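Presented below is the structure to which this report refers.
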Amino acid sequence: DALAELGKSDAAMSAYQKAIALNPDHAAAYGGMGTLLMELGRIDEATQLFRTAIALDPKAGAFYESLVSTRKFTADDVAAMEALAAAEAIKQPARKRSNLDFALGSAYADTGNHRGAFQHLLAANAVERSTMNYNEAETFAQFDKIEKVFTPELVAAKSGPSVASPRPIFIVGRPRS
């Protein structure tokens, strides 16, 4: 996965292929290759690899979450995923279960069952939220400090071109609105 994240697609593909050659039951290798192929626009191949990963490790919700991004789901797909979710609900740690809930949320949305989609997305997001270290009071205090420092007067004083260049400057960072 590291090679793919570094943008070294050819090397990543080769590594996934070697991993599968060494261990044809390596579900994560199929899933990683599927993600890479999806990013390269090879959706049909990615779909098949995600299905293979699921067949090898049907408890891994992340593969379902990847699969739902490749196509529209039917009611039969949702029923199969719900059966798995019910069977695995007690056995799965919450974090792994959230992947399956995200997948089910998307699948339900595909079938027009928005109530079912919301139920699963709410459950998945509750797990995600529990893993975050977020303090609303601290965040608002940070915004208050920013507002005090960057007054309209300061912004007006610093306005205007600072570099004589027609090239735009893109600033990426936080905080965002």
Side-chain angles (χ1 to χ4, degrees), residues 1-9 12-13 15-136 138-139 172 174-177:
D1 292 342
L3 291 169
E5 289 176 16
L6 290 171
K8 298 182 178 186
S9 300
M13 185 64 70
Y16 289 131
Q17 290 167 338
K18 286 178 186 174
I20 291 167
L22 290 170
N23 180 1
D25 294 332
H26 195 304
Y30 288 98
M33 189 186 309
T35 300
L36 177 61
L37 289 175
M38 191 171 64
E39 291 170 1
L40 296 173
R42 295 164 57 182
I43 306 301
D44 291 340
E45 292 169 88
T47 300
Q48 188 54 47
L49 287 167
F50 293 137
R51 287 187 181 285
T52 301
I54 290 167
L56 292 169
D57 187 0
K59 297 176 185 177
F63 300 140
Y64 293 92
E65 193 173 4
S66 296
L67 181 64
V68 297
S69 64
T70 65
R71 66 189 208 39
K72 292 281 187 189
F73 268 53
T74 67
D76 289 341
D77 295 322
V78 173
M81 289 171 63
E82 277 291 3
L84 171 69
E88 294 303 321
I90 297 169
K91 302 176 200 171
Q92 289 276 4
R95 182 68 182 100
K96 285 191 171 191
R97 170 59 197 227
S98 72
N99 289 330
L100 187 54
D101 276 320
F102 277 125
L104 280 162
S106 294
Y108 270 118
D110 284 350
T111 63
N113 182 342
H114 302 294
R115 184 177 302 272
F118 185 78
Q119 173 187 344
H120 285 284
L121 294 174
L122 186 64
N125 280 303
V127 170
E128 291 295 315
R129 176 67 177 93
S130 72
T131 66
M132 295 179 184
N133 184 15
Y134 175 75
N135 183 314
E136 185 177 27
E138 288 177 12
T139 301
V172 180
R174 292 183 177 186
R176 300 194 266 297
S177 59

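These values consider heavy atoms only, across backbone and side chains, with no hydrogens, waters or symmetry-generated copies. Residue numbers start at 1 and run along the sequence shown. This is a predicted model, so every value here is computed, not measured.
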Looking only at heavy atoms, what is the nearest atom pair of [X] and [Y], with distance?
| X | Y | value |
| --- | --- | --- |
| F50 | F63 | CB-O, 4.3 Å |
| S9 | L36 | O-CD2, 3.6 Å |
| A27 | A53 | O-CB, 3.5 Å |
| A62 | N99 | N-CB, 3.5 Å |
| A124 | S98 | CB-O, 3.5 Å |
| A117 | A109 | CB-N, 3.7 Å |

Rounded to the nearest 0.5 Å, what's the gap from [atom1] on [X] to [atom2] on [Y]? Could you check?
| X | Y | atom1 | atom2 | value |
| --- | --- | --- | --- | --- |
| T35 | L40 | OG1 | CG | 11.0 Å |
| H120 | L100 | NE2 | CG | 8.0 Å |
| H26 | Y16 | NE2 | OH | 10.0 Å |
| T70 | L37 | OG1 | CG | 11.5 Å |
| I20 | D25 | CD1 | CG | 10.5 Å |
| M38 | D44 | CE | CG | 13.0 Å |

Go through M33 and Q17 one step at a time and tell me if the side-chain contact (heavy atoms from CB on, under 4.5 Å) criterion holds.
CA-CA 8 Å; M33 189 186 309; Q17 290 167 338; 3.8 Å; yes
Would D101 and L121 count as a side-chain contact (heavy atoms from CB on, under 4.5 Å) here? Give the steps.
CA-CA 6 Å; D101 276 320; L121 294 174; over 6 Å; no
Might you work through the side-chain contact (heavy atoms from CB on, under 4.5 Å) test for M13 and L3, ending with a clear yes or no?
CA-CA 9 Å; M13 185 64 70; L3 291 169; over 6 Å; no
Ignoring hydrogens and geometry, is there a side-chain-to-backbone donor-acceptor pair from Y64 to P58 under 3.5 Å?
yes
Using side-chain heavy atoms (C-beta onward) and a distance below 4.5 Å, is Q119 in contact with Y108?
no
